[in-house]
2 protein chains.
Amino acid sequence: MSAELSEMPEFSPRQNEVLEQALKLLVDGGEKALTTSGLARAANCSKESLYKWFGDRDGLLAAMIAHQASKVRTFERGSARLTPDLLREHLETFGRDLLEVLSGEVSLALNRLAIGQASREGSKLGRLLIEHGRRQIDRRAIGLMEAGRRAGLLRFHDADSAYHTLYGLIVSDLHVRMLLGEPGLKDNQRQAARAVDAFLQLHGVSTDTGGAQRASAGR
Amino acid sequence: MSAELSEMPEFSPRQNEVLEQALKLLVDGGEKALTTSGLARAANCSKESLYKWFGDRDGLLAAMIAHQASKVRTFERGSARLTPDLLREHLETFGRDLLEVLSGEVSLALNRLAIGQASREGSKLGRLLIEHGRRQIDRRAIGLMEAGRRAGLLRFHDADSAYHTLYGLIVSDLHVRMLLGEPGLKDNQRQAARAVDAFLQLHGVSTDTGGAQRASAGR
DNA sequence: CCTGTTGCGTACCGTACCGTACGGTTCCTA
DNA sequence: TAGGAACCGTACGGTACGGTACGCAACAGG
């Protein structure tokens, strides 16, 4: 689908290469490790080029976010005739993908960066990250919600609200904990399955999909 | 109750005064604004004293977390004979308090600080923050869970897991969004009520507490 | 009154980083 | 082949911060 293809600043291959190096530096060294000199050295380019291309250090950071977001395209499902089991499967896949993305090294590093800068500058990076990084996955989920309702499998007043419920059930406080440095889950699939069970118990139609509830073991 | 009164480093009144100033600087300037010189100037003390008292800049940050945590004592409810309505009320109060704490300026600033430092140094601050800032509130919630089960009002296999479900329903992605700079909710009470509704639908006993479900409007 | 302690104010040092400038090299184009 | 643009590597200036050292005032006890 790809309604509007976002403002497309898009960078040259060489610039993308540099941005990739920048992400690498950021991931395994934190913001402190991402210096213009260090990036120039690591990427075999000159500082002058960095400032010519990205204008500013903040411009570099914004470019990194745009670059990373451009890599995480999520496909809108063609959605061939939803069945209860198919809906559950799509929801679980969504949950697993969400956890996978949120626990990714690059995502964590960028979120840490934006959060660190959130105090000053009116949280420009934060808004950028929410816009670019979130819109895609939100769209996918809400599409799924409404497809489920159209198929008579889900029941809710507000798709956005239902989506936030699903999100909370899947992620809980895990995202913040990982941002603070705790390790992620061992089994994202299991967590997604449990969350979807609960979600369907809340918003699924009474004819439950495939055998009441599943196993629900401890965290 | 206050079982163990935590390791009690505890600081002198003068030191607490300085720590308070440090929090103030951190809150409305971010980490960049919290410099030793700036703190010395703002708190009318000398840098030498800062280093004598806290040893290090990281020591200062840790002291700030400990100091803030020492202010947020949460009372264990005496829990006089739980009724369904009382349980719901306690859960909603817990949810509102949780949202209130998480959206507090100081909490956000400290979380941002710890998250910014999470990459380097093995996320020492992050662990500190989770330990000091979270244990109290976790205890309170889990106590509530188990009291509810003992009274035959809640049904779950694992109190910890149920608590995380409640947490996710209450907070969803709001915490991260606020950390990124977005404003909080207008009505925490409403959000708490909706979360508790869903939670009781999942883990409450069939005899629902007072009239099926309440209103559930859009976010 | 003398002396030791505590803490304030400030000057200072080394370092690191942002941003710019300059010389040299490669590659494209006329 | 000549000219120019883009880029690399590096060096430099300005600034700011962490941490230390020194001078001085207030105050306690003998």
Side-chain angles (χ1 to χ4, degrees), chain A residues 9-65 67 109 112-114 116-117 119-121 124-125, chain B residues 9-65 67 109 112-114 116-122 124-125:
Chain A
E10 292 292 330
F11 306 100
S12 80
R14 174 64 177 136
Q15 289 166 8
N16 283 327
E17 195 177 327
V18 172
L19 290 176
E20 205 60 35
Q21 260 298 332
L23 282 178
K24 199 179 176 86
L25 284 181
L26 180 67
V27 163
D28 48 40
E31 179 182 359
K32 298 288 297 184
L34 184 61
T35 71
T36 52
S37 310
L39 176 57
R41 205 176 315 117
N44 287 331
C45 75
S46 78
K47 291 176 61 173
E48 194 164 8
S49 301
L50 292 182
Y51 285 98
K52 177 190 283 259
W53 293 334
F54 309 111
D56 199 344
R57 187 173 189 268
D58 290 338
L60 173 66
L61 302 183
M64 289 168 63
I65 290 181
H67 170 66
R112 291 197 184 109
L113 176 65
Q117 305 262 340
S119 301
R120 65 179 272 269
E121 181 156 13
K124 191 171 133 246
L125 281 188
Chain B
E10 292 292 331
F11 306 101
S12 81
R14 174 66 177 134
Q15 289 166 7
N16 283 327
E17 195 178 327
V18 171
L19 289 176
E20 205 60 35
Q21 261 297 331
L23 282 178
K24 199 179 177 86
L25 284 180
L26 180 68
V27 163
D28 48 39
E31 179 181 359
K32 298 287 296 182
L34 184 60
T35 71
T36 52
S37 309
L39 176 57
R41 205 176 315 118
N44 287 330
C45 74
S46 78
K47 291 174 62 173
E48 193 164 8
S49 301
L50 292 182
Y51 286 99
K52 177 190 283 259
W53 293 334
F54 310 110
D56 200 344
R57 187 174 190 267
D58 291 339
L60 173 66
L61 302 182
M64 290 169 63
I65 291 181
H67 170 66
R112 291 197 184 107
L113 176 65
Q117 304 261 340
S119 301
R120 66 180 269 267
E121 182 156 12
K124 190 171 134 247
L125 281 187

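All chains are named by letter (A, B, ...) in the order of the sequence lines, taking the proteins before the strands, and each is independently numbered beginning at 1.
Regarding B/Tyr51, its OH atom lies at a distance of 17 Å from the C1' atom of D/dC22, rounded to whole Å. For the pair B/Leu39 CG and C/dG9 C1', the computed distance is 15 Å after rounding to whole Å. Separating the CG atom of A/Leu50 from the P atom of C/dA21 is a distance of 16 Å, rounded to the nearest angstrom. Rounded to a whole Å, the CG atom of B/Leu60 is 10 Å from the P atom of D/dG19. Between A/Lys32 atom NZ and D/dG18 atom C1' the separation is 10 Å, expressed in whole Å. In this structure, B/Asn44 atom CG and D/dA25 atom P are separated by 18 Å, rounded to whole Å. Between the CG atom of A/Asp56 and the P atom of C/dC18 there is a distance of 10 Å, rounded to whole Å.
If you check distances only, the side chain of A/Glu48 does reach the base of C/dC22 with a donor-acceptor pair under 3.5 Å.
Counting heavy atoms from C-beta on, the side chains of A/Lys47 and A/Leu39 never come closer than 4.5 Å. Residues A/Thr36 and A/Tyr51 are in side-chain contact: their nearest non-hydrogen atoms beyond the backbone lie under 4.5 Å apart. Here the side chains of A/Ile65 and A/Leu113 are not in contact, with every heavy-atom distance at 4.5 Å or above. Counting heavy atoms from C-beta outward, B/Glu17 and B/Pro13 have side chains that stay 4.5 Å or more apart. Contact of the B/Phe54 side chain with the B/Leu61 side chain is not registered, since no non-hydrogen atoms from C-beta on lie closer than 4.5 Å.
Between A/Ala33 and A/Gly55, the residue anchored closer to the 5' end of DNA chain C is A/Ala33, taking for each the nucleotide with the nearest heavy atom. For the pair A/Lys47 and A/Lys52, both in contact range of DNA chain D, the more 5′-proximal nearest nucleotide belongs to A/Lys52.
Residue B/Ser46 has no polar side-chain atom (N or O) positioned under 4.0 Å from OP1 or OP2 of C/dG7. Taking only side-chain nitrogens and oxygens, A/Ser37 never comes nearer than 4.0 Å to OP1 or OP2 of C/dC17. In this structure, A/Arg14 reaches the D/dC8 phosphate: one of its side-chain N or O atoms is under 4.0 Å from OP1 or OP2.
Side-chain proximity of B/Trp53 to D/dG18, C/dG7, C/dC18: nearest is C/dG7.
An angle of 0°, rounded to 10°, separates the two end axes of the helix from C/dC1-D/dG30 to C/dA30-D/dT1, each defined over five pairs.
Screening B/Lys32, B/Arg112, B/Gln21, B/Met64 for a side chain to side chain contact (heavy atoms under 4.5 Å, CB included) involving B/Leu26 leaves a single residue, B/Met64.
One side chain, B/Glu20 or B/His67, offers a donor N or O that lies under 3.5 Å from an acceptor on the other.
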